[in-house]
Amino acid sequence: MPLLTQQIQAEDEQYSLVASLDNVRNLSTILKAIHFQDYATCFATKNGIKVTVEKAKCVQANAFIQAGIFQEFMVQEDSVTFRIHLTVLLDCLSIFGSSPMPGTLTALRMCYQGYGYPLMLFLEEGGVVTVCKINTQEPEETLDFDFCSTNVINKIILQSEGLREAFSELDMTSEVLQITMSPDKPYFRLSTFGNAGSSHLDYPKDSDLMEAFHCTQTQINRYKISLLKPSTKALVLSCKVSIRTDNRGFLSLQYMIRNEDGQISFVEYYCCPDEVPESES
């Protein structure tokens, strides 16, 4: 990005956060996967950026964009946090259009000076530079779902295509999705209870779609479909999904997403159970 580099490099020291990308879609695609609310909280450390979106104190989505995905990444402090209008940010990132001409890429340089300052976006395509300033807000405290790996009871890793087919077949008139995870049959079952009656979809643990199966006890939990629906945006983009439940029945869906350059990012959804039936042994 020679033009932007010449213009701005000398000013880097005044910024708390500077990040550059040769291809802006490597950022915008991940952010679209968690775009189900207008506002998001951004946390930047030397390891990368985490963007968090929450709804109704029942569901939380986190997009993790590792520092290595950026061509340049600099954080001056231990951590930099701000709240931003995610819809506006995505509109700015696609200011040159979401599908550029073949062979052309939109480059991005993102700068944030610190508390009270706007997020600065410098977008360049074909020698044309657009500058966007997006006001930031005081970050609100995000929910702590206290989802600890030591409390995970059951975990499976599926190829995403298997779950995409399931979501297209399930009866979405149902208010809840019931997830059964068990060391014994049915192993992994998705159930809905809609207008047409109840339906079940089973995955054997030796299915070609199943990459890992670690279930220690039978758990049957229900989750509001309205809370899970936003996660299908990440599901569509992902190649693998990790499904975990802890001892309280809280659900973690972690999606592995490969960008256009083959680099990996993760989007994680936490969802609290709608009701927690007693686990059957």
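The chain is numbered in sequence order, starting from 1. The basis for the numbers below is simple: all heavy atoms, side chains too, and nothing from hydrogens, waters or symmetry mates.
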**OP:** Give a yes or no on whether a salt bridge exists between R222 and D274, defined as a side-chain N under 4.0 angstrom from a carboxylate O.
**Re:** no
Subject >> Side chain proximity check, N62 to I34, heavy atoms < 4.5 angstrom >> reply: no
**OP:** Could you verify whether a donor N or O on one side chain and an acceptor N or O on the other, from T245 and Q219, lie under 3.5 Å apart?
**Re:** yes
**OP:** Compare every heavy atom of Y223 with every heavy atom of C272, then report the nearest pair and how far apart it is.
**Re:** O-CD2, 3.6 Å
Subject >> Smallest separation among heavy atoms of I49 and A44, with atom names >> reply: CG1-CB, 4.1 Å
Original post:
Hey, are E124 and R109 close enough for a salt bridge, meaning a charged N less than 4.0 Å from a carboxylate O?
Top reply: no
**OP:** Please check if any side-chain donor atom of N195 sits under 3.5 Å from a side-chain acceptor atom of D171, or the reverse.
**Re:** no
Original post:
Are K240 and L158 close enough that some pair of their side-chain heavy atoms sits under 4.5 Å apart?
Top reply: no
Subject >> Full working for side-chain contact (heavy atoms from CB on, under 4.5 Å) between L119 and Y117 >> reply: CA-CA 7 Å; L119 181 69; Y117 286 91; over 6 Å; no
Subject >> Any side-chain heavy-atom pair of N47 and Q66 under 4.5 Å >> reply: no
Subject >> Any S252 side-chain heavy atom under 4.5 Å of E268 side chain >> reply: yes
**OP:** Write out all pairs satisfying side chain to side chain donor-acceptor pair (under 3.5 Å) with one or both partners inside residues 228-238, taking only residues at least two apart or from two chains.
**Re:** S160-S238, S231-Y255
Original post:
Do you see a donor-acceptor pair shorter than 3.5 Å between the side chains of E260 and N23?
Top reply: yes
**OP:** For residues K46 and A67, report the shortest heavy-atom separation together with the two atoms involved.
**Re:** O-CB, 3.6 Å
Subject >> R164 to V236 - nearest heavy-atom pair and separation >> reply: NH1-O, 3.6 Å
Original post:
If you draw the axis of the six-membered ring of F145, does the NZ or CZ of R248 fall within 45° of it and under 6.0 Å from the ring centre?
Top reply: no
Subject >> Nearest heavy-atom neighbours spanning D22 and Q71 >> reply: N-OE1, 2.6 Å
Subject >> Nearest atoms (heavy-atom pairs only) where S265 meets I65 >> reply: OG-CA, 4.4 Å
Subject >> Residues S242 and Q254: side-chain donor-acceptor under 3.5 angstrom >> reply: no
Original post:
Side chains of L163 and Y203: does their closest heavy-atom pair fall under 4.5 Å?
Top reply: yes
Original post:
Are any of the side-chain heavy atoms of P273 and F250 separated by less than 4.5 Å?
Top reply: yes
Subject >> Ring centers of F82, Y112 separated by less than 6.0 Å >> reply: yes
**OP:** Would you mind reporting whether L123 and V129 have side-chain heavy atoms less than 4.5 Å apart?
**Re:** no
**OP:** Report the C-alpha separation of S182 and T218 in whole Å, then their side-chain angles, then the decisive distance to 0.1 Å, and conclude whether the side-chain hydrogen bond (donor to acceptor under 3.5 Å, both in side chains) test is met.
**Re:** CA-CA 4 Å; S182 172; T218 299; 2.8 Å; yes
Original post:
Judged by modelled atom types alone, do E77 and S16 share a side-chain donor-acceptor pair under 3.5 Å?
Top reply: yes
Subject >> Basic-acidic side-chain contact under 4.0 Å: E138, R83 >> reply: no
**OP:** Quick one: which residue pairs count as a salt bridge (charged side-chain N to carboxylate O under 4.0 Å, His left out) with a foot in residues 177-194, not counting sequence neighbours?
**Re:** R189-D202
Original post:
Stepwise, does the side-chain contact (heavy atoms from CB on, under 4.5 Å) test hold for V267 with F64?
Top reply: CA-CA 6 Å; V267 169; F64 300 93; over 6 Å; no
Just distance, no hydrogens or angles: give the donor-acceptor pairs under 3.5 Å from side chains in residues 35-43, sequence neighbours left out.
{"unit_1": "H35", "atom_1": "NE2", "unit_2": "T87", "atom_2": "OG1", "d": "2.9"}
{"unit_1": "Q37", "atom_1": "NE2", "unit_2": "E54", "atom_2": "O", "d": "3.4"}
{"unit_1": "D38", "atom_1": "OD1", "unit_2": "T87", "atom_2": "OG1", "d": "2.7"}

